[in-house]
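When a residue number appears, it is its place in the shown sequence, counting from 1. Only heavy atoms go into these numbers, but all of them, side chains included; no hydrogens, no water, no symmetry mates.
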Amino acid sequence: MFFNFMDELRAAGITASLKEHLVLLEALDKEVIQRSPEEFYYLSRATFVKDEGLLDRFDQVFSKVFKGIETSYGMQEEEIPLDWLKAVAEKYLTEEEMAEVKKLGSWDEIMETLKERLAEQEKRHEGGSKWIGTGGTSPYGNSGYNPEGVRIGGEGGQKKAVKVWDKREFQNLDHTKQLGTRNIKVAMRRLRRFAREGSADELDINSTINGTAKKGWLDIHMRPERHNAVKLLLFLDVGGSMDPFIKLCEELFSAATSEFKNLEFFYFHNCLYEGVWKDNRRRFSERTNTWDILHKYGHDYKLIFVGDASMSPYEITHPGGSVEHFNEEAGVTWLQRMTNTYPATAWLNPVPEKQWGYSQSVKIVKELMNDRMYPLTLEGLSDAMKELTRKHGS
């Protein structure tokens, strides 16, 4: 079994030499651990893994060898879940039927027609082509088909709604989350800059030694304590399409809060508007005015947005485009204000970079960020930290 373990590690790109194999056997022979699968896992991981970037790969190999879980290390395509294919009230249309569904036109026309339908409709409808309901071809409702429409409640299917009206409950990210944060910390340390500030209350050993050697008597030198001088503003998109990335964002949040003493964070949903919040349970009652943030935090702050930027383009480009309230100013206006105030800005996107080209909203946000959008991977984090440490014009 152990030789098979080594073969699988090598196949996954993890160096597993005979010397490491003998070290593992020697440790087992001397009973440095208790005879439990969990302790053997940590012992073998400490023996074979020399690069933090290989931890996930090691976990897959360990599961395959010792738990019987088959894996192809990310190379095998996943099957589409059956429940996706059997969604309740989903209606499959022929190409001819789809061709009959006409687009509604401009944003103003869409909203004006919706207003008329709300005034006229008196009961629930299912499977229709006009009224607000479910499972049909009407542009209003949910779980049906229409190339452009307004989703009201329910679950999105085609992901083509130009506006979504739905009240959601969002969870706060857990900044104490520790699983998987180590690699992120390593990547983010590139951003850290230490400076000596305050009163001289720390012994400067090197200067004391040099001064004593030159003068012939004890020449004590003191210096200010070193402090992390980086100031970071972190804006986190929560809810909706960000739900699948909660674990990843929690790991990033946890790493950031432990690495940076001067960190301020705020939540937003889909796009930045006139208000943000710190507690998702009170996001409607306890909001922070975005103008107050712009006036309170100086331009020396580094600014990081974390979000998938996946939404209706109207949420970015039009007043009233927000999914939960009527925003008097378009999201693009607020994003431009933020990037103008904070020259060192980056956007981290948890969606794989190869998929960005399929989303119009991602393209818009990426352009607004002056192409400073990076995938939320270790490599993407490293590139984002490089960008934030680059000298920017005031």
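- Checking side-chain atoms of Arg223 against main-chain N and O of Asp204 turns up no donor-acceptor pair under 3.5 Å.
- In the hydrophobic clustering of this structure, Val332 does not group with Phe326; members are Ile, Leu, Val, Met, Phe, Trp, Tyr whose side-chain heavy atoms approach within less than 4.5 Å, directly or through other members.
- In terms of hydrophobic clustering, with Ile, Leu, Val, Met, Phe, Trp and Tyr side chains grouped at heavy-atom distances under 4.5 Å, Ile205 and Leu218 are assigned to a common cluster.
- Note: Leu248 CG to Leu252 CG = 7.0 Å, rounded to the nearest 0.5 Å.
- Under a hydrophobic clustering in which Ile, Leu, Val, Met, Phe, Trp and Tyr are joined whenever their side-chain heavy atoms come within less than 4.5 Å, directly or via other members, Phe62 and Val23 fall into different clusters.
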request  = Check the pair Arg57 / Val49 against side chain to side chain contact (heavy atoms under 4.5 Å, CB included), numbers first and verdict last.
outcome  = CA-CA 10 Å; Arg57 210 177 301 180; Val49 179; over 6 Å; no
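- Of all non-hydrogen atoms in Asn327 and Glu274, the two that sit nearest each other are CB-OE1, 3.9 Å.
- Here the closest heavy-atom approach between residue His269 and residue Val238 is recorded as ND1-O, 2.7 Å.
- Using the six-membered ring where Trp is involved, Phe305 and Phe268 have ring planes that are perpendicular, over 60° apart on the 30 and 60° scheme.
- Comment: Arg390 engages Glu387 in a salt bridge, judged by a side-chain N to carboxylate O separation of less than 4.0 angstrom.
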query = Does the side chain to side chain contact (heavy atoms under 4.5 Å, CB included) test come out yes or no for Thr257 and Leu263, once each step is laid out?
reply = CA-CA 7 Å; Thr257 52; Leu263 169 68; 3.5 Å; yes
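- Centroid-to-centroid, the aromatic rings of Phe40 and Tyr42 stay 6.0 Å apart or farther.
- The CG atom of Asn280 sits 12.0 Å away from atom CD of Glu286, with the distance rounded to the nearest 0.5 Å.
- Residue Glu328 qualifies as open at atom CD: its count of foreign heavy atoms under 6.0 Å is 12 or below.
- Contact check on Glu353 versus Lys366 returns no salt bridge, with no Lys/Arg side-chain nitrogen under 4.0 Å from an Asp/Glu carboxylate oxygen.
- Of all non-hydrogen atoms in Val61 and Ala12, the two that sit nearest each other are CG2-CB, 3.6 Å.
- With hydrogens and angles ignored, the 3.5 Å screen pairs no side-chain donor or acceptor of Gln336 with any backbone N or O of Thr333.
- Annotation: cation-pi pair Lys278/Phe266 present, NZ/CZ under 6.0 Å from the ring centroid and within 45° of its normal.
- Nearest heavy atoms, Trp334 versus Leu272: CB-O, 3.6 Å.
- Grouping the Ile, Leu, Val, Met, Phe, Trp and Tyr side chains by contacts below 4.5 angstrom, directly or via other members, places Tyr358 apart from Phe245.
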task = Show your working on ring-ring contact (aromatic ring centres under 6.0 Å, His included) between Phe265 and Phe235 and close with a plain yes or no.
result = CA-CA 6 Å; Phe265 75 91; Phe235 285 80; 9.9 Å; no
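- Side-chain contact between Leu381 and Leu376: present, with at least one pair of heavy atoms (C-beta onward) separated by less than 4.5 Å.
- Taking 4.5 Å as the limit, some side-chain heavy atom of Val230 sits within range of a side-chain heavy atom of Lys302.
- The CG atom of Leu28 sits 5.5 Å away from the CD1 atom of Ile33 when rounded to the nearest 0.5 Å.
- The closest donor-acceptor contact from the side chain of Trp347 to the backbone of Gly307 lies under 3.5 Å.
- Residues Lys363 and Glu367 are not paired through a salt bridge, judged by the lack of any N-O separation under 4.0 Å between the basic side chain and the carboxylate.
- Residues Tyr301 and Asn262 have side chains that never bring a donor and an acceptor to within less than 3.5 angstrom of each other.
- If you take OG1 on Thr208 and CD1 on Ile220, they are separated by 6.5 Å, rounding to the nearest 0.5 Å.
- In this structure, Phe48 has its ring center under 6.0 Å from that of Phe5.
- Counting only heavy atoms from C-beta outward, the side chains of Trp356 and Pro375 approach each other to under 4.5 Å.
- The pair Asp219-Lys215 meets the salt-bridge criterion, with a side-chain N (NZ, NE, NH1 or NH2) lying under 4.0 Å from an Asp/Glu carboxylate O.
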CA sep, side-chain torsions, deciding dist, call: Glu264, Tyr297, side chain to side chain contact (heavy atoms under 4.5 Å, CB included) = CA-CA 9 Å; Glu264 293 290 340; Tyr297 302 104; 3.5 Å; yes
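- Minimum heavy-atom separation, Ile304 to Met385: CD1-CE, 4.1 Å.
- Nearest heavy atoms, Gly275 versus Thr290: N-OG1, 3.3 Å.
- Within a 6.0 Å radius of CD in Glu39, other residues, nucleotides and ligands contribute more than 12 heavy atoms.
- Side-chain atoms of Thr47 come within 3.5 Å of backbone atoms of Leu43 as a donor-acceptor pair (strictly under, hydrogens ignored).
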inquiry  = Pair Glu315, Ser312 - check side chain to side chain contact (heavy atoms under 4.5 Å, CB included), show working.
reply    = CA-CA 6 Å; Glu315 294 182 54; Ser312 163; 3.8 Å; yes
Working for side chain to side chain donor-acceptor pair (under 3.5 Å), residues Asp59 and Tyr41 = CA-CA 9 Å; Asp59 288 349; Tyr41 160 78; 2.5 Å; yes
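- Judged as a salt bridge (Lys or Arg N to Asp or Glu O under 4.0 Å), and not counting sequence neighbours, the contacts of Lys30 are Glu26.
- Remark: side-chain polar atoms of Asp308 are not paired, donor with acceptor, to backbone N or O of Asn349 under 3.5 angstrom.
- The aromatic rings of His318 and Tyr314 sit perpendicular to each other, their planes meeting at more than 60°, with 30° as the lower class boundary.
- Note that CG of Leu388 is 8.5 Å distant from CZ of Arg372, once rounded to the nearest 0.5 Å.
- Going from atom CE of Met338 over to atom CD1 of Ile293 covers 6.0 Å, rounded to the nearest 0.5 Å.
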